[in-house]
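Following: one structure in structure tokens, then a few remarks.
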Amino acid sequence: MATSYDYAPLYRSSVGFDRIFTLLENAQRARSANDWPPYDIVKNNDDTYTISIAVAGFAQDDLDITFQSNLLTVTGKKQETPADGYLHRGIAGRPFEHRFELADHVRVNGADLNSGLLSIELVREIPEALKPRKISIQSTPALTSTAPAQIEAQKAA
């Protein structure tokens with residue numbers, strides 16, 4: 001049983017978080033019981049990630065990886081093979097599509113197919129303009145001020 005959340009109160013009390021709420025709503029809707037083929041998402045360190053998808057039986061030509069506007073899409077479609085001679089067909093080869101929403105500044109660094117696992121390397125690269133930077137504090141010479149006693153002496157003269 002899926003639980004649905006209403007994000008309307010959050011829209012009323014926040015500004016600029018529209019994308020986050022949209023992501024949450026899409027994640028609720030898109031979550032299906034069909035998570036085939038299985039996959040892992042691993043955080044290697046602060047700025048690198050790996051998505052591994054079990055694609056046994058799929059060749060490199062049967063897989064397609066697309067990255068556009070923070071959306072990584074992995075699709076697989078096997079060539080149809082004749083069913084002649086099979087007594088049992090237990091290795092799934094049905095088409096699939098997985099979609100992954102990536103954060104800003106996360107890009108695909110490469111992909112590798114090895115031993116039935118498709119590994120996609122991701123890296124977060126924050127532009128220099130957005131990285132925290134140290135601001136140096138300038139010390140300016142104090143303004144020369146005349147002491148009040150000197151001001152009074154100047155007025156009297």
Side-chain angles (χ1 to χ4, degrees), residues 1-78 94-155:
M1 180 166 128
T3 304
S4 179
Y5 297 102
D6 180 20
Y7 296 106
L10 297 174
Y11 282 115
R12 290 191 301 260
S13 62
S14 63
V15 176
F17 292 95
D18 303 348
R19 184 168 184 265
I20 293 172
F21 301 137
T22 303
L23 288 172
L24 290 170
E25 288 174 349
N26 289 343
Q28 270 183 289
R29 257 184 271 131
R31 184 76 180 150
S32 67
N34 185 12
D35 278 339
W36 187 87
Y39 62 91
D40 292 335
I41 302 174
V42 178
K43 183 175 183 177
N44 302 319
N45 60 43
D46 287 343
D47 293 322
T48 61
Y49 305 85
T50 303
I51 299 174
S52 298
I53 305 173
V55 291
F58 284 83
Q60 188 170 341
D61 294 339
D62 300 332
L63 301 168
D64 185 45
I65 302 170
T66 307
F67 176 63
Q68 181 180 3
S69 301
N70 294 10
L71 180 65
L72 174 67
T73 306
V74 180
T75 55
K77 185 172 183 180
K78 264 181 95 167
R94 64 183 179 267
F96 70 89
E97 179 177 86
H98 278 302
R99 294 174 180 249
F100 302 95
E101 281 283 342
L102 303 182
D104 292 336
H105 313 296
V106 173
R107 67 173 183 84
V108 178
N109 201 29
D112 180 44
L113 180 62
N114 189 12
S115 300
L117 280 179
L118 175 65
S119 297
I120 303 167
E121 300 296 325
L122 306 171
V123 63
R124 178 177 34 209
E125 293 179 339
I126 299 174
E128 287 297 322
L130 297 178
K131 287 184 181 177
R133 56 190 167 104
K134 189 76 171 168
I135 307 298
S136 62
I137 300 172
Q138 304 279 329
S139 61
T140 57
L143 297 174
T144 52
S145 65
T146 311
Q150 291 173 341
I151 295 174
E152 291 299 320
Q154 288 174 354
K155 285 183 185 179

Quiz prompt | Heavy-atom check, side chain of L122 versus side chain of N109, under 4.5 Å | solution = no
Exercise. Ignoring hydrogens and angles, tell me if any N or O in the side chain of K78 forms a donor-acceptor pair with the backbone of G57 under 3.5 Å.
Key: yes
Quiz item: What distance separates Q60 CD from L118 CG, expressed to the nearest 0.5 Å?
Solution: 9.5 Å
Quiz item: Under 3.5 Å, is there a donor-acceptor pair between the side chain of R99 and the main chain of L71?
Solution: no
Quiz prompt | Side chains of F100 and I41 in contact at under 4.5 Å (non-hydrogen atoms) | solution = yes
Practice problem: Could you list all the ring pair (Phe, Tyr, Trp, His ring centres under 6.0 Å) pairs where at least one residue sits in residues 120-140, not counting sequence neighbours? | Solution: none
Quiz item: Are N45 and D47 close enough that some pair of their side-chain heavy atoms sits under 4.5 Å apart?
Solution: yes
Quiz item: Who pairs with D40 by side-chain hydrogen bond (donor to acceptor under 3.5 Å, both in side chains), at least two apart in sequence or on another chain?
Solution: none
Quiz item: Do the side-chain N and O atoms of T75 and E97 include a donor-acceptor pair separated by under 3.5 angstrom?
Solution: no
Quiz item: Of the non-hydrogen atoms in P37 and A54, which two are nearest, and what is the gap between them?
Solution: CB-O, 2.9 Å
Quiz item: Looking only at heavy atoms, which two atoms of F67 and L102 are closest? And how far apart?
Solution: CE1-CD1, 3.4 Å
Exercise. Just do the side-chain contact (heavy atoms from CB on, under 4.5 Å) check on L113 and V55 with the steps written out, would you?
Key: CA-CA 9 Å; L113 180 62; V55 291; 3.5 Å; yes
Quiz item: Side chains of T50 and N44: do they bring a donor and an acceptor to under 3.5 Å?
Solution: yes
Quiz item: Under the ring pair (Phe, Tyr, Trp, His ring centres under 6.0 Å) rule, what pairs show up with a residue in residues 103-136, not counting sequence neighbours?
Solution: none
Exercise. Please examine the side chains of V108 and L72, heavy atoms only from C-beta on, and report whether any two atoms are closer than 4.5 Å.
Key: yes
Exercise. Verify side-chain contact (heavy atoms from CB on, under 4.5 Å) between V123 and R107, making sure each step is shown before the conclusion.
Key: CA-CA 6 Å; V123 63; R107 67 173 183 84; 3.9 Å; yes
Practice problem: Please answer whether the main-chain N or O of Y39 pairs with a side-chain N or O of H98 as donor and acceptor at a distance below 3.5 Å. | Solution: no
Self-check item: Beyond-backbone contact of I51 with V74, side-chain heavy atoms, under 4.5 angstrom
Solution: no
Quiz prompt | Exercise: identify the closest heavy-atom pair between I65 and A111 | solution = CD1-CB, 3.6 Å
Quiz item: Between D104 and N70, is a side-chain contact (heavy atoms from CB on, under 4.5 Å) present by the stated rule, with each step listed?
Solution: CA-CA 7 Å; D104 292 336; N70 294 10; 2.7 Å; yes
Quiz item: After noting the C-alpha distance and the side-chain angles of K77 and F96, does the key distance pass the side-chain contact (heavy atoms from CB on, under 4.5 Å) rule?
Solution: CA-CA 7 Å; K77 185 172 183 180; F96 70 89; over 6 Å; no
Exercise. Could you tell me how the ring of W36 sits relative to the ring of F58: parallel (under 30°), tilted (30 to 60°) or perpendicular (over 60°)?
Key: tilted
Quiz prompt | Approximate separation, where rounding is to 0.5 Å, of S69 OG and E101 CD | solution = 9.5 Å
